[in-house]
Trainee: 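Before I ask anything, here is the structure I am working with.
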Number of protein chains: 2
Amino acid sequence: MKQSTICPKFEKAISLLSQRWTGLVIYQLLSGTQRFSEIQSAVGISGKVLSDRLKDLEVQGVVKREVFPETPVIIEYSLTEKGHSLEPVLKEIENWSHVWVSSEDDGSCEID
Amino acid sequence: MKQSTICPKFEKAISLLSQRWTGLVIYQLLSGTQRFSEIQSAVGISGKVLSDRLKDLEVQGVVKREVFPETPVIIEYSLTEKGHSLEPVLKEIENWSHVWVSSEDDGSCEID
DNA sequence: ATAAGTTGATTACCTTATGTAACTTACTAT
DNA sequence: ATAGTAAGTTACATAAGGTAATCAACTTAT
């Protein structure tokens, strides 16, 4: 099963964004450079999967990884230009969510 | 593991879009009402998962399902207002993909 | 009448993907 | 020595997804 009529570039982009956690991780990094454990606790993702995602995003040129050999070691993750260019997409989703997603029992966020 | 600092509405929206195939199905329906098998062959998704996704999207008020008891039965899927309101998001992704995704061995689409 | 075909789904069965928790490396502080 | 820290990794269990066969309900072909 592989014969869509949809633009392959779009498909690639969608398959990136539609991988679980990826959008959230990028969104989180929009607020600036962060370390592994910061991302992990902010996003609520398991270490294993975060590790996978970051490797993936690095390979795709969306995320940059920098190692500082202090003790204990510090590793910083940030968005590349390509990564930052996803901001409009994430903002559009954020926007949509504030119009169309009901709060239900959820709390709300600052922006609400 | 569940204690993010991210807006719950945004999280909900992202969890919708970051479910595999969902974005592609909605994108496909942007071009108008379609039947099960049309979506299936256009998107390249298995019948099982498409069935799941459509049920999901119907419950979330993104997709509308109409049954015409002809023979064989005809069932039409279309976007609701909520569904259509996702167009800017999908277009933004499309846009991004044309700027940042390389063609590699892929073909290209009309828009390229 | 019996067999074959249609659409939208579902079922059984197998392979990935994700979650949990324990463990690793390398070095510091007690 | 012992414990602690950051960033992962590993082993193991559960959930999600893919494939192919099958179903319901009705029509057309033989």
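These numbers come from a predicted model, not from an experiment. Note on naming: letters A, B, ... go to the chains in the order of the sequence lines (proteins, then strands), and numbering restarts at 1 for each one. The figures that follow rest on heavy atoms only: side chains count, while hydrogens, waters and symmetry mates do not.
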Trainee: Can you tell me the distance, in whole Å, between the CD1 atom of B:Ile39 and the C1' atom of C:dG8?
Mentor: 11 Å
Trainee: B:Val59, B:Val63: one ILVMFWY side-chain cluster at the under-4.5 Å cut-off?
Mentor: no
Trainee: Tell me whether the OP1 or OP2 atom of D:dA6 has a side-chain N or O from A:Tyr77 closer than 4.0 Å.
Mentor: no
Trainee: Polar-atom pairs under 3.5 Å, protein N or O versus N or O of nucleotides 4-7 of chain C: list them with distances, or write none.
Mentor:
residue, atom, partner, partner atom, Å
C:dT7, O3', B:Arg35, NH2, 3.4
C:dT7, O3', B:Val73, O, 3.4

Trainee: Pick the nucleotide of DNA chain C nearest each of A:Glu70 and A:Gln19; which residue has the one closer to the 5' end?
Mentor: A:Gln19
Trainee: For A:Lys55 and for A:Arg20, find the nucleotide of DNA chain D with the closest heavy atom, then tell me which residue's nucleotide is more 5'.
Mentor: A:Lys55
Trainee: Using the side chain to side chain contact (heavy atoms under 4.5 Å, CB included) rule, take B:Gln28 and A:Ile6 through it: C-alpha gap first, then chi angles, then the decisive distance, then the call.
Mentor: CA-CA 8 Å; B:Gln28 180 63 27; A:Ile6 293 176; 3.6 Å; yes
Trainee: Please state how far atom CD in B:Glu58 lies from atom P in C:dG8, giving the value in whole angstrom units.
Mentor: 14 Å
Trainee: Output the rounded distance in Å from CD (B:Gln34) to P (C:dG8).
Mentor: 12 Å
Trainee: How many whole angstroms separate atom NZ of A:Lys48 from atom P of C:dA21?
Mentor: 13 Å
Trainee: Once salt bridge (Lys or Arg N to Asp or Glu O under 4.0 Å) is applied, do any residues pair with A:Lys48, and if so which ones, sequence neighbours excluded?
Mentor: none
Trainee: Looking at C:dT18, D:dA7, D:dG17, which one has an atom nearest to any side-chain atom of A:Arg65?
Mentor: D:dA7
Trainee: Tell me the interatomic distance from A:Gln40, atom CD, to D:dT5, atom C1', rounded to whole angstroms.
Mentor: 14 Å
Trainee: Applying a 4.0 Å non-hydrogen cut-off, can you work out what B:Phe68 is touching in the nucleic acid: base, sugar-phosphate, or nothing?
Mentor: nothing
Trainee: For side-chain hydrogen bond (donor to acceptor under 3.5 Å, both in side chains), just list the numbers for A:Glu76 and A:Gln34, CA-CA rounded to whole Å, side-chain angles, deciding distance to a tenth of an Å, and then say yes or no.
Mentor: CA-CA 5 Å; A:Glu76 291 189 341; A:Gln34 277 163 79; over 6 Å; no
Trainee: For the side chain of A:Ser46, starting at C-beta, report the closest nucleotide among D:dG18, C:dT20, D:dG8.
Mentor: C:dT20
Trainee: I'd like to know whether B:Phe10 forms a side chain to side chain contact (heavy atoms under 4.5 Å, CB included) with A:Leu24, so could you lay out the CA-CA distance, the side-chain angles of the two residues, the decisive distance to 0.1 Å, and finally the verdict.
Mentor: CA-CA 9 Å; B:Phe10 178 72; A:Leu24 233 36; 3.7 Å; yes
Trainee: Take the protein atom CG of B:Leu50 and the nucleotide atom P of D:dA16, then report the distance between them rounded to whole Å.
Mentor: 18 Å
Trainee: Can you tell which of C:dT18, D:dT19, D:dG8 lies closest to the side chain of A:Ser51?
Mentor: D:dG8
Trainee: Under 3.5 Å, which donor-acceptor pairs link side chains of residues 78-86 of chain A to any protein atom two or more places apart or in another chain?
Mentor:
residue, atom, partner, partner atom, Å
A:Thr80, OG1, A:Gly61, O, 2.5
A:Thr80, OG1, A:Val62, O, 3.1
A:Thr80, OG1, A:Lys82, N, 3.3
A:Thr80, OG1, A:Gly83, N, 3.1
A:Lys82, NZ, A:Gln60, O, 2.8
A:Ser85, OG, A:Lys82, O, 2.5
A:Ser85, OG, B:Trp96, NE1, 2.7
A:Ser85, OG, B:Trp100, NE1, 3.0

Trainee: Go through the steps to decide whether B:Leu90 and B:Tyr27 satisfy the test side chain to side chain contact (heavy atoms under 4.5 Å, CB included), and finish with yes or no.
Mentor: CA-CA 7 Å; B:Leu90 278 312; B:Tyr27 179 80; 4.1 Å; yes
Trainee: Expressed as a whole number of angstroms, how long is the span from A:Arg53:CZ to D:dG8:P?
Mentor: 15 Å
Trainee: Rounded to whole angstrom units, what separation is found between the CG atom of A:Leu54 and the P atom of C:dT18?
Mentor: 14 Å
